[in-house]
Number of protein chains: 2
Amino acid sequence: MQPGGTNRQVDRGRRVGVDKTDIKQAGLKVTLPRVKILEILEASGKGEGPRHLRAEDVYRRLLERGEEIGLATVYRVLTQFVEAGLVCRHNFEGGQSVFELDRGAHHDHLVCMKCGQVVEFMDEAIESRQEAIAAEHGFTLEDHTLVIHGFCPSCQAPG
Amino acid sequence: MQPGGTNRQVDRGRRVGVDKTDIKQAGLKVTLPRVKILEILEASGKGEGPRHLRAEDVYRRLLERGEEIGLATVYRVLTQFVEAGLVCRHNFEGGQSVFELDRGAHHDHLVCMKCGQVVEFMDEAIESRQEAIAAEHGFTLEDHTLVIHGFCPSCQAPG
DNA sequence: CAAAAAGATGCAAAAGCTTCCCATTTTATT
DNA sequence: AATAAAATGGGAAGCTTTTGCATCTTTTTG
Ligand SMILES: [Mn+2]
Ligand SMILES: [Mn+2]
Ligand SMILES: [Zn+2]
Ligand SMILES: [Zn+2]
């Protein structure tokens, strides 16, 4: 329907933001819950608290903003956004998934075992070694999960 | 009580097997469930099916062998073994933990997204880059999780 | 070796997270 | 505006894992 075709929000393959257009492009109707959830994710990690949120966290923030959206809807929508490639899901630990907006650039995580702080990183050497390892074993590499667990600077104090 | 002191099962820091002694050394009583669970884990990956088992798998194998051990006990014992360093727990995916006997040498995993096959590997380059990354961010490195997801050779067929 | 103490087990109930069901509401299409 | 299609909310249900507790085993004591 639109001429030219490429998404305004995408710049040379790197997504720089999301909006209702992305919801529509995913074949989903533009509903209030979807828009609000996207807003929560977009605000996270930009002064609006941590970037990586559990479904429960998203739900709580919606309530704080006065939105009456069901928890089931939050789960459904987050899953749809993951399927649409708008959101990434990670399983850091403890059986709960965490979600973050997909910015298009892959990265891995460093998680503090005490306070839960999350630091993102990306290491070419690690990435390419993984390619090599998958190839050595005849596997195609579709994806990977790398989480480094340790103690952040503030959690290493003697106490 | 034993003279000399070092565990017979350990050879220069690399564990080569486990037995009742290890249960005792962990400060746990040597009970039938614990011995049987250890046997299941020891047999796994040596012709006795896959090496990495979910609690449910361990439980099922116990039933097959005619042992009437409760699932709650399987969970409790596996957790105790992990705490004692006899067993490793991994969260490959799907909310279920998998367990394997700890052989003392660290390794990571390649998991087939179709058939679930697991291949183990260990890459010094990746290990040392992780040390560097943790250090760069002021984190102590306590542990890490690396799982490469892809399709194994048999699951790449055109069909 | 028997008795006492300490610890472990099994079952069922409960938890914690996530998904499913379905009547009702909202969005998109005609 | 009417119709068709899709989404929502709330609660029930599902799954994996943990917990409570009476009973049974293992270990320690005498
Ligand atoms: Mn991230
Ligand atoms: Mn392994
Ligand atoms: Zn910390
Ligand atoms: Zn496969």
Side-chain angles (χ1 to χ4, degrees), chain A residues 1-2 19-40 52-63 65-84 86-87 89-99 116, chain B residues 1-2 19-40 52-60 62-63 65-84 86-99 116:
Chain A
M1 277 133 193
Q2 245 120 313
D19 66 16
K20 307 183 186 192
T21 309
D22 298 291
I23 296 176
K24 203 167 291 173
Q25 285 189 336
L28 302 169
K29 289 187 175 177
V30 179
T31 61
L32 188 142
R34 287 181 178 144
V35 171
K36 293 301 177 188
I37 290 171
L38 216 42
E39 283 177 14
I40 297 290
H52 304 86
L53 305 178
R54 297 165 307 156
E56 188 70 38
D57 298 324
V58 173
Y59 177 63
R60 189 158 27 70
R61 292 218 192 163
L62 288 166
L63 291 185
R65 292 189 178 195
E67 303 295 342
E68 305 221 327
I69 293 173
L71 181 56
T73 299
V74 173
Y75 274 103
R76 253 183 322 235
V77 170
L78 285 172
T79 301
Q80 291 161 343
F81 284 176
V82 170
E83 285 163 358
L86 297 177
V87 166
R89 174 201 300 253
H90 311 291
N91 289 101
F92 287 164
E93 181 149 6
Q96 255 156 125
S97 291
V98 298
F99 302 84
Chain B
M1 277 129 200
Q2 246 119 315
D19 67 16
K20 307 181 185 192
T21 309
D22 297 292
I23 297 177
K24 203 167 292 174
Q25 286 189 338
L28 301 169
K29 288 188 175 176
V30 179
T31 60
L32 189 143
R34 288 183 178 141
V35 171
K36 292 302 175 187
I37 290 172
L38 216 42
E39 283 177 14
I40 297 289
H52 304 85
L53 305 177
R54 297 165 307 156
E56 187 71 37
D57 298 325
V58 172
Y59 177 62
R60 188 159 27 68
L62 286 167
L63 291 185
R65 292 190 178 194
E67 303 296 341
E68 305 220 328
I69 293 173
L71 181 55
T73 298
V74 173
Y75 273 104
R76 258 184 313 235
V77 169
L78 285 172
T79 301
Q80 292 160 341
F81 284 177
V82 169
E83 285 163 358
L86 297 178
V87 165
C88 298
R89 173 202 300 255
H90 311 290
N91 290 101
F92 286 165
E93 182 148 6
Q96 256 156 124
S97 291
V98 297
F99 302 84

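Numbered from 1 within each chain, the chains take letters A, B, ... in sequence-line order.
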Between [atom1] on residue [X] and [atom2] on residue [Y], distance to nearest 0.5 Å:
{"X": "Leu78(B)", "Y": "Leu53(B)", "atom1": "CG", "atom2": "CG", "result": "9.0 Å"}
{"X": "Lys24(B)", "Y": "Leu28(B)", "atom1": "NZ", "atom2": "CG", "result": "11.5 Å"}
{"X": "Leu62(A)", "Y": "Ile69(A)", "atom1": "CG", "atom2": "CD1", "result": "4.5 Å"}
{"X": "Leu32(A)", "Y": "Glu68(A)", "atom1": "CG", "atom2": "CD", "result": "11.5 Å"}

Is any side-chain heavy atom of Glu93(A) less than 4.5 Å from a side-chain heavy atom of Asn91(B)? no
Side-chain N,O (Tyr75(B)) to OP1/OP2 (dT17(D)) below 4.0 Å: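 For dT17(D), OP1/OP2 do have a side-chain N/O of Tyr75(B) under 4.0 Å.
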Between Thr73(A) and Arg76(A), is the side chain to side chain donor-acceptor pair (under 3.5 Å) condition met? List the steps. CA-CA 5 Å; Thr73(A) 299; Arg76(A) 253 183 322 235; 3.1 Å; yes
Donor-acceptor pair, distance only, cut-off 3.5 Å: does the side chain of Arg34(A) make one with the backbone of Lys29(A)? yes
Tell me if the centroids of the rings in His90(B) and Phe99(B) come within less than 6.0 Å of each other.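 Between His90(B) and Phe99(B), the centre distance exceeds or equals 6.0 Å.
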A correct 5'-to-3' footprint of nucleotides 19-27 of chain D, with B, S and - meaning base, sugar-phosphate only and no protein heavy atom under 4.0 Å, is BB-----BS
Of Asn91(B) and Val74(A), whose closest DNA chain D nucleotide lies nearer the 5' terminus?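 The 5'-side residue here is Val74(A).
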First and last nucleotide of DNA chain C touching chain B, 5' to 3', heavy-atom cut-off 4.0 Å? dA6(C) to dA12(C)
Would you kindly give the [atom1]-to-[atom2] distance between [X] and [N], to the nearest whole Å?
{"X": "Gln80(B)", "N": "dT17(D)", "atom1": "CD", "atom2": "C1'", "answer": "14 Å"}
{"X": "Glu93(A)", "N": "dT17(D)", "atom1": "CD", "atom2": "C1'", "answer": "15 Å"}
{"X": "Glu56(B)", "N": "dG14(D)", "atom1": "CD", "atom2": "P", "answer": "16 Å"}
{"X": "Leu71(A)", "N": "dT8(D)", "atom1": "CG", "atom2": "P", "answer": "13 Å"}
{"X": "Tyr59(A)", "N": "dG11(D)", "atom1": "OH", "atom2": "C1'", "answer": "12 Å"}

